[in-house]
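Shown next, in structure tokens, is the structure this report addresses.
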Amino acid sequence: MLSIDNLQASVADKPILRGISLEIKAGEVHAIMGPNGSGKSTLSNVLAGRENVRVTGGKVTYRGKDLLAMEVEERAREGVFLAFQYPVEIPGVGNVYLLKAALNAQRKHRGLPELDAMDFLALVKDKMKLMEMNESMLYRAVNEGFSGGEKKRNEILQMAVLEPHLSILDETDSGLDIDALKIVANGVNSLRSPERSMILVTHYQRLLDYIQPDFVHVLAGGRIVRSGGPELAHELEREGYAWIGDAQSQTVAAQ
Amino acid sequence: MNPFVEYCQSQLALRVAEAPSQEASRHSAWARFENVGWPTTRLEAWKYTSLAGLEKITPPTESFAELTWDFLKDHALLPDAKHRMVFIDGVFHEGLSRLDRLPQGVRIGPWSLLQDAERSDLVPRLMPAQTMTAFGALNEALFTDGAVIQVSGGAHLDEPLLLLHVTRGMHHGVQYVHLGENSEMTVVEQHLNLTDLPCHGNFATAIQLSPHSRLTWIKVQQGGAQSYHTAAVHAQQQQGSQLRYFPFALSGAMGRNDITIRLVETHAEVILKGVYQVADRSLQDFHTSIEHDCPECISDECFKGVLDGTGRAVFDGRVRVALDAQKTQSRQSNHNLLLSDKAEVDTKPQLEIFADDVKCSHGTTVGQLDETQWFYLRSRGVDKEVARTLLIKAFVKEIAEAVPHVEVRQALLHWLGTEEEEGFRHV
Ligand SMILES: Nc1ncnc2c1ncn2[C@@H]1O[C@H](COP(=O)(O)OP(=O)(O)OP(=O)(O)O)[C@@H](O)[C@H]1O
Ligand SMILES: [Mg+2]
């Protein structure tokens, strides 16, 4: 599904990602954890195509194609979805309009007929039930005035409508109350399938209790300093990131 | 004398020859124009608005084809307007207009069909608009025709009136509006310049609102690469009257609107909300002046500008609150979206507040397209350009959404390309 090979990237000429390699197969869920400022969002943004992050080295292959050569919207239509750590408010653009435009752009790209308003609404309302969202949200502007939790749910609603091959959830669990966390996890789990892969960026074991990852990686200082199975998340929960200093110097020594 | 003024002078001779009885008034207006002088950038009010382009345009030599409603309706904001007046090249066109279904108490007709006595009665009432600028004086000297709208007390125009002005040459027109006590109407004034050839329309509009009358006015300006539009609007509001004026300057080489609104009795309210859009080599200029002459009036003004390419815009918003205009509430804002680093806006709010017990605010912003919002839309699969357009439309949509008349609002939203969202609400 996704193969990241020695990826390096800078923001405002400051190197942030310093050689990341990661292999994600179809059907796998990978959790990425790590201290604040370690580059998790930057990695997520590079994969989605954010232009203020400059790739300075490395390669990313997505379903056999060079991901980094694609435009932002092309990646989305090819099935890459980023749930933002901070979903963006867009006054004046209706939520339902964006959902429809997004879905139809994807369908067109894949040679499918566009959905008309009726079929589209039926589909969206169905997904909204799953997310336990109030229908009135559809007719509000994108994320405008939404509470923190509502914004996160809205991200997962978009994901549920678009059914991406590769979902990158950047701290979707932050700011959710316990019930909302379950609902969001439910939404995510409903999309889990052998054809779909996910990257979950999170700080807490909590989310992983609901969405079992296949692998857990620790990102620090722009590198993956440790990888393991689900048990690694438990270990981090207990022990924090104090050990990272040693791990990093070991990596440097090994090089 | 520049070629434009020379041409105007030749027009003056023609107008006088057509109607010798108007000689004195037209000549005195011309003298006033000469006295005021051709506006140059040396004048404060024209500092950022060069008329160099207009000075050079020449009158059309070709004769234009007869226009049909079938053709025009595709361009009209309200193609099915129940009431409409169409002016082609400054002259009322009876065949294209439709005024046979006006309700009791509403009188709408062309200036050219007025009786002499009535005409001389109304001439002074246009003066407030025609004395605002040099173009106002030019208008008085040269105008050919116009709309005369009189609504008597308590009357109510059931559906909006469309005033469609198609200008292909160089013309001057007037609009006179008088609303009687507690009457109400909505007007859509649309300027269509359907040519890339040089053309200029110059308009003077005088509005008088009696106590508790309510007027909603939407103005849409569109034009080609060489079309020029100048307009002076003067409104006077009596007690408890409401004016909602929405100008949309969407295209054309240059537009200059001078809008003066005088609140002369208590509890009058004005909403003045507009949009200007400019792209390569075009300019839009709004000079507005809201005058709170007496207590307890409300004004709410907001202009939004979208500037692309080498486009330029000017917003000069004056709000004057007289010494005894206590309890005035006034809001003014001007927001600009710069889409290119070659575009330029000059914005100048001027608050002159002499009363002390007032609530007045103003604010100005100049910003670029929000990169994060753009990325967000694209990350959902929305095409780069579509996303850009969507954000631009979202920016100006707020103004169209303030239009109270539902069908006109829908038509405007449709026109600005934002109707799809509206459409969903009715599914
Ligand atoms: N526009 C920017 N200009 C300068 N530095 C930036 C910019 N954007 C991000 N950074 C820096 O890049 C580093 C990585 O940021 P990133 O957002 O990827 O961290 P993160 O791992 O997602 O952190 P968190 O857990 O707090 O969300 C940080 O040091 C941050 O300050
Ligand atoms: Mg982050």
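Lettering follows sequence order; numbering is per chain, from 1.
Looking at every heavy atom in both residues, A:Ala76 comes nearest to B:Gly381 through CB-N, 3.3 Å. Residues A:Ala101 and B:Val382 come closest through the heavy atom pair CB-CG2, 4.2 Å.
In this structure, the portions of B:Gln373 lying under 4.5 Å from any heavy atom of chain A include both its backbone and its side chain. In this structure, no portion of A:Glu78 lies under 4.5 Å from any heavy atom of chain B. Residue A:Asn104 does not touch chain B at all, counting heavy-atom pairs closer than 4.5 Å.
Under a cut-off of 6.0 angstrom, the local environment of CG in A:Asp66 is crowded, with over 12 non-hydrogen atoms contributed by other residues, nucleotides or ligands. Environment of CZ in B:Arg331: sparse, with no more than 12 heavy atoms of neighbouring residues, nucleotides or ligands closer than 6.0 Å. More than 12 heavy atoms of other shown residues, nucleotides or ligands fall within 6.0 angstrom of atom CD in A:Glu114.
Side chains of B:Ser379 and A:Phe81 form no contact here, defined as non-hydrogen atoms less than 4.5 Å apart. Looking at heavy atoms from C-beta onward, B:Thr372 lies out of side-chain contact with A:Tyr86 at the 4.5 angstrom threshold. With contacts defined as side-chain heavy-atom distances shorter than 4.5 Å, the pair B:Arg380/A:Val161 does not qualify.
Each of A:Val72, A:Asn52, A:Val88 was scored for a side chain to side chain contact (heavy atoms under 4.5 Å, CB included) with B:Phe375, with one residue passing: A:Val72.
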_A:Glu71 and B:Arg378: CA distance, side-chain angles, deciding distance, salt bridge (Lys or Arg N to Asp or Glu O under 4.0 Å) verdict_ = CA-CA 9 Å; A:Glu71 294 260 28; B:Arg378 294 177 66 198; 3.0 Å; yes
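Using a 4.0 Å cut-off between a side-chain N of Lys or Arg and a carboxylate O of Asp or Glu, A:Arg50 and B:Glu371 qualify as a salt bridge.
Heavy-atom pairs under 4.5 Å with chain B peak, among A:Gln158, A:Gln106, A:Arg75, at A:Gln158.
For the atom pair CG (B:Leu391) and CD1 (A:Ile90), the distance works out to 6.0 Å, reported to the nearest 0.5 Å.
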